[in-house]
Structures are given as structure tokens and as C-alpha cells.
Amino acid sequence: MSVHIDAKAEDVAELVLLTGDPLRAQFIAENFLSDALRYNSVRNMYGYTGLYKGRRVSVQGTGMGTPSISIYANELFRDFGVKRAIRTGTAGSIQPNICVRDLVFAMTASSDSGTNGMRFGGRHYAPAASFRLLDTAYRIACSLGLSPFVGPVVTTDRFYRDDPDEWKLWAKYGCLAIEMECAELYTLAAKYGREALTILTISDSLVSHEETNAYERQVSFTHMMEVALETVISE
Ligand code: HPA
């Protein structure tokens with residue numbers, strides 16, 4: 001048991017999917033796992049463990065933003081011995097050729113968060129995906145006939161920004177999409193010597209202002225989940 005996860009160490013699998021929305025964790029458990037049992041409901045941040053193709057997999061909600069995912073990722077890596085964590089989430093596109101429902105695999109995560117500035121005493125750490133997981137996910141996505149974009153993303157602390165054009169600087173420097181958790185997940189995976197990857201579905205575009213609604217966000221990301229589940233159980 002940890003501060004925010006009310007479970008025994010053995011209740012959580014070594015292979016974990018992370019979702020910002022705890023109801024998406026429930027959705028994945030109910031639709032993609034067999035024999036799934038909920039091991040956590042503290043703060044309604046649901047976590048489930050079940051079987052995917054015979055392998056034990058957990059799905060844990062993380063909430064939104066760096067501080068929230070930091071709590072769950074720290075506890076999963078440190079207290080539950082999680083070896084591999086794949087975040088499945090949503091992001092806003094900041095490139096004109098990346099549209100809603102497209103998949104983006106985050107190779108690296110730049111950030112406007114103060115967290116790594118504090119952690120590294122002002123030095124600039126470069127949070128990066130596990131190459132093995134990224135390579136595996138890319139191959140799996142291609143074998144499913146998908147065409148994911150792979151590249152750098154931005155982890156922001158502010159969904160609502162004072163300057164509506166702030167994203168354009170990140171876009172100019174090649175970032176593909178903006179979300180709120182990836183940099184912290186990659187940093188903590190590195191700290192604990194574990195594997196991490198972030199797979200994103202584009203839910204809105206800062207370029208075209210195209211959007212998806214909450215219902216679509218919860219239920220329509222089957223491709224992302226298939227890629228994530230196949231990747232998390234890969235040898
Ligand atoms: N900003 C930050 N996070 C997001 C966005 C966004 O525009 N869209 C989906 N997640």
C-alpha cells in the first residue's frame with residue numbers, strides 16, 4: 001500500500017497502462033482485460049488489474065498534469081515495482097498535418113513545467129521514451145495498418161494559456177503535439193530505471209481548432225489501446 005494507492009504490492013502488475021481519466025481506466029479494464037479487479041478507488045483514481053492475452057496488466061488513472069501523474073508514477077515505480085508504464089492519453093496538435101484522431105508517439109517531451117527545473121537545480125534534463133518500447137509500438141501500429149506520427153511533444157502545466165499563440169514557438173522547433181504528463185513520466189522512469197512510453201490520440205488541434213467531444217475521447221480510442229496493450233506485453 002502507498003499513500004494514494006490502496007492495494008497490496010502483488011495486486012498491481014509489472015506491466016501498466018496509465019490514463020489521465022480514471023473512467024478510461026475502467027473502460028479499458030471492462031473492454032480489453034479479462035478477470036479485471038479494481039485494486040484502487042482512493043480519490044476515485046481507479047486502478048484495475050486483469051489479463052490481456054494471458055499476461056497480467058494493470059490500468060491506473062493518473063489525473064491531469066505533472067503533479068498528479070508524478071504521485072502515481074512515483075508510487076507505482078517505487079512501491080509497486082512496476083517495470084513498464086505506457087501512458088495512453090490525448091493531446092492537442094500543433095502541426096497543420098496532424099489532425100484529430102491521429103496517433104502521436106512521444107519520442108521526447110519538452111516542458112514549460114517548473115518541476116524538472118527544481119529537480120535538476122536549473123539544469124535542463126531531456127526526458128525521452130524507452131527506445132525499445134517506442135520501436136515496438138511503431139512496428140505494432142504499422143502492422144495494424146496505422147500511420148502514427150513519432151516525434152517530440154510538449155508537456156505543459158497550463159491547459160488555459162494567457163497567450164493563445166504560445167504553442168507556435170514549440171511548433172517552430174518541431175514539436176508535434178501538446179499534453180500535460182509525458183515529461184514527468186519519462187523523467188521518473190529514468191530515475192527508477194524502468195521503461196516508459198507515451199501514446200497519444202489527437203483530441204483537438206490548436207492549428208485548425210478542430211475538436212472531439214468527451215464521449216468520443218472516452219470510447220473511440222480503440223487503436224491507441226490496442227497498440228498500447230500489445231506493446232506493454234511485448235517481450
Ligand atoms: N493542451 C494541453 N493538453 C492537452 C491539449 C491542449 O491543447 N489537448 C489535449 N490535451
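The basis for the numbers below is simple: all heavy atoms, side chains too, and nothing from hydrogens, waters or symmetry mates. Order of appearance sets the numbers: ligands from 1, and atoms from 1 within every ligand.
By the side chain to side chain donor-acceptor pair (under 3.5 Å) test, Ser130 pairs with no residue at all, sequence neighbours left out.
When only modelled atom types and interatomic distance are considered, Asp102 and Ser93 share no side-chain donor-acceptor pair under 3.5 Å.
At a 4.0 Å heavy-atom cut-off, the residues surrounding ligand 1 are Thr90, Ala91, Gly92, Thr156, Phe159, Arg161, Ile178, Glu179, Met180, Ser203, Asp204, Leu206, listed by chain and number.
A side-chain donor-acceptor contact under 3.5 Å links Asn40 to the backbone of Asp6.
With values rounded to the nearest 0.5 angstrom, Thr62 atom OG1 is found 13.0 Å from His4 atom NE2.
When hydrophobic residues (I, L, V, M, F, W, Y) are linked wherever their side-chain heavy atoms come within less than 4.5 Å, the members clustered with Phe149 are Ile98, Val100, Val104, Val153, Leu176, Leu200, Ile202. Under a 4.5 Å side-chain heavy-atom cut-off, the cluster of Ile, Leu, Val, Met, Phe, Trp and Tyr residues that includes Leu169 is completed by Tyr173.
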